[in-house]
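See below for the structure under consideration.
Ligands are counted one by one from 1 in listed order, and the atoms in each one are counted from 1 as well. None of these values were measured; they are calculated from a predicted model. Throughout, numbering of the chain's residues begins at 1 and tracks the sequence.
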Amino acid sequence: MRRTLEIRYGKAVGLAMLMLVLVAGIIGCKTDETEKISGNVVNQTPSSSNRNDEEEAEPLRRSFKLGFSQLGSESDWRLANTKSIREAANEAGIQLFLENAEQSQEKQIEAVRSFIDQGVDVIAIAPVVETGWEPILREARTAGIPVLILDRKMELSDQSLYVTFIGSDFYEEGRMAGRYLLDKMRDRSGEIRIAELRGTEGASPSIDRGGGFREALGEFKEMNIIASESADFTQSRGKEVMKSFLETHKGAIDVLYSHNDDMALGAIEAVEEYGLQPGKDIIIISVDGTRQAFEMMIEGKINAVVECNPMLGPNVMQAVLELMEGRTLPKRIITPERIYTEVTAEREVSNRKY
Ligand code: AHR
């Protein structure tokens with residue numbers, strides 16, 4: 001009898017332990033699931049009972065919020081830039097709030113204010129023009145939100161209003177265009193008449209590409225900029241303005257320096273309609289490096305393209321993550337670039353990403 005009782009008691013204890021194991025298993029599964037679901041949520045304070053488990057587990061990383069004020073969609077460069085930012089944010093698991101201002105500084109300021117109201121972690125701005133940013137940057141600073149400047153420069157008296165500026169050196173791009181022209185024309189004598197299609201007025205690529213180009217031409221008195229006008233970085237305006245240059249100067253233009261490819265493509269149409277051969281009768285130098293511009297170089301209609309790289313997304317996301325980890329970023333992150341000519345175009349065209 002005693003033995004039977006012991007056996008029964010032993011069985012009961014065994015059963016109870018089995019139940020305990022099963023219940024613990026179920027609870028364990030539930031905890032895992034809850035962690036997965038709330039895996040993106042921030043600042044969870046572990047309770048004292050499970051603190052040890054959580055200390056061993058991977059730290060929970062929340063998804064950061066980036067508000068990006070894009071200036072517009074005026075060119076192929078800009079479209080590629082927006083795509084690069086979207087893709088890189090997605091890849092990095094960063095929540096992107098993107099507002100396109102369609103060339104309006106007012107809209108950019110409104111967008112930044114709305115990012116502040118939504119409590120984003122970081123704000124990035126590709127500024128349409130250089131000036132007029134300090135008040136809104138101060139609002140961001142009061143809200144404790146760090147600001148990254150992308151692509152175009154801002155003219156600021158207080159450099160502490162932003163963390164870093166990621167983008168090209170437009171002045172150097174202008175210099176590269178100028179040096180190329182000097183080399184191309186080294187055997188030509190007499191005056192060289194240059195027409196310039198500038199980008200958006202007040203925008204840093206327009207100011208600096210113009211400045212760098214002039215600096216490179218320096219004291220070469222034969223190099224004469226006989227016409228210079230803004231065509232807003234768009235193909236349609238590029239065509240219109242080039243048409244008016246040709247009419248005003250009766251086709252007597254030796255060189256066109258265009259601040260971007262879209263305007264150069266428009267200008268090529270105008271030159272052909274005027275009955276001249278682009279790339280031969282008029283030397284054409286452009287900036288950006290779109291696939292279409294490379295194809296034009298292969299056809300001999302553009303002579304040289306200075307690269308301006310729009311693929312800023314990966315650099316921007318890296319900056320956001322590093323900033324959120326409390327690291328210090330360099331004040332300036334420059335995208336490396338170079339110049340391509342008719343000679344190198346064929347070899348390079350398949351590498352163009354946009
Ligand atoms: O700010 C970069 C410039 O803006 C690009 O060269 C041009 O194509 C764009 O619109």
Side-chain angles (χ1 to χ4, degrees), residues 68-85 100-105 107-108 124-131 133 148-155 165-178 180 196-213 229-239 241-242 256-268 284-294 296-297 302 304-313 315-316 332-340 352-354:
F68 173 43
S69 167
Q70 176 60 289
L71 67 91
S73 40
E74 71 285 359
S75 63
D76 282 354
W77 189 101
R78 187 67 49 202
L79 301 180
N81 177 247
T82 303
K83 189 163 173 261
S84 166
I85 301 279
N100 190 325
E102 297 301 348
Q103 309 298 318
S104 154
Q105 184 179 31
K107 281 194 188 159
Q108 287 205 279
I125 310 170
V128 62
V129 290
E130 277 195 0
T131 54
W133 296 101
L148 312 177
I149 303 177
L150 306 191
D151 166 32
R152 297 184 181 178
K153 197 168 69 190
M154 283 183 191
E155 194 64 57
F165 166 31
I166 305 173
S168 309
D169 181 345
F170 297 136
Y171 204 85
E172 181 54 23
E173 290 173 354
R175 278 197 205 108
M176 281 195 254
Y180 168 81
E196 177 182 40
L197 287 175
R198 298 198 312 272
T200 306
E201 289 300 11
S204 65
S206 316
I207 298 167
D208 288 354
R209 285 174 189 163
F213 184 71
E229 206 177 308
S230 163
D232 267 333
F233 285 125
T234 67
Q235 183 162 350
S236 55
R237 286 286 297 139
K239 181 171 179 179
V241 177
M242 186 65 190
L256 168 69
Y257 170 44
S258 170
H259 287 193
N260 86 343
D261 289 343
D262 299 70
M263 295 188 293
L265 296 179
I268 286 170
I284 299 187
I285 307 167
S286 178
V287 186
D288 276 356
T290 62
R291 192 171 307 120
Q292 245 188 309
F294 269 68
M296 288 286 167
M297 266 201 287
I302 293 183
V305 172
V306 178
E307 184 184 33
C308 178
N309 189 350
M311 310 304 179
L312 303 182
N315 270 350
V316 173
R332 180 79 168 99
I333 301 173
I334 301 180
T335 332
E337 288 157 352
R338 49 171 291 195
I339 185 163
Y340 295 93
R352 301 322 290 168
K353 299 219 162 41
Y354 72 108

Using distance alone, decide if ligand 1 has a nitrogen or oxygen within less than 3.5 Å of any nitrogen or oxygen in [X].
X      : value
Asp262 : no
Arg78  : yes
Arg152 : yes

When distances are taken from atom 5 (C) of ligand 1, the protein heavy atom at minimum range is Asp288 OD1, 3.4 Å

Atom 9 (C) of ligand 1 sits nearest the protein heavy atom Glu74 OE2, 3.3 Å

Which atoms from ligand 1 have a heavy atom of [X] less than 4.0 Å away?
X      : value
Asp151 : 1 (O), 2 (C)
Ser75  : 7 (C), 8 (O), 9 (C), 10 (O)
Pro205 : 1 (O)

Q: Please determine if Arg78 and Asp151 form a salt bridge, counting it only when a charged side-chain N lies under 4.0 Å from a carboxylate O.
A: yes

One should read off an interatomic distance between Ile125 CD1 and Phe165 CZ, to the nearest 0.5 angstrom, of 12.5 Å

Rounded to the nearest 0.5 Å, the OG atom of Ser286 sits from the CE atom of Met296 at a distance of 11.0 Å

Quiz item: Got Leu150 and Phe68 here, is their nearest side-chain heavy-atom distance under 4.5 Å?
Solution: yes

pair Ser258-Ile284: side-chain heavy atoms closer than 4.5 Å
no

- Query: Looking only at heavy atoms of Arg209, does any of them come nearer than 4.0 Å to an atom of ligand 1?
  - Reply: yes

Check: Could a heavy atom of Val287 be found less than 4.0 Å from some atom of ligand 1?
Finding: no

Heavy-atom nearest pair, Gln103 first then Glu74, reads NE2-OE1, 2.8 Å

Determine, for Tyr340 and Arg338, whether the Lys NZ or Arg CZ falls below 6.0 Å from the six-membered ring centre while staying within 45 degrees of the axis.
yes

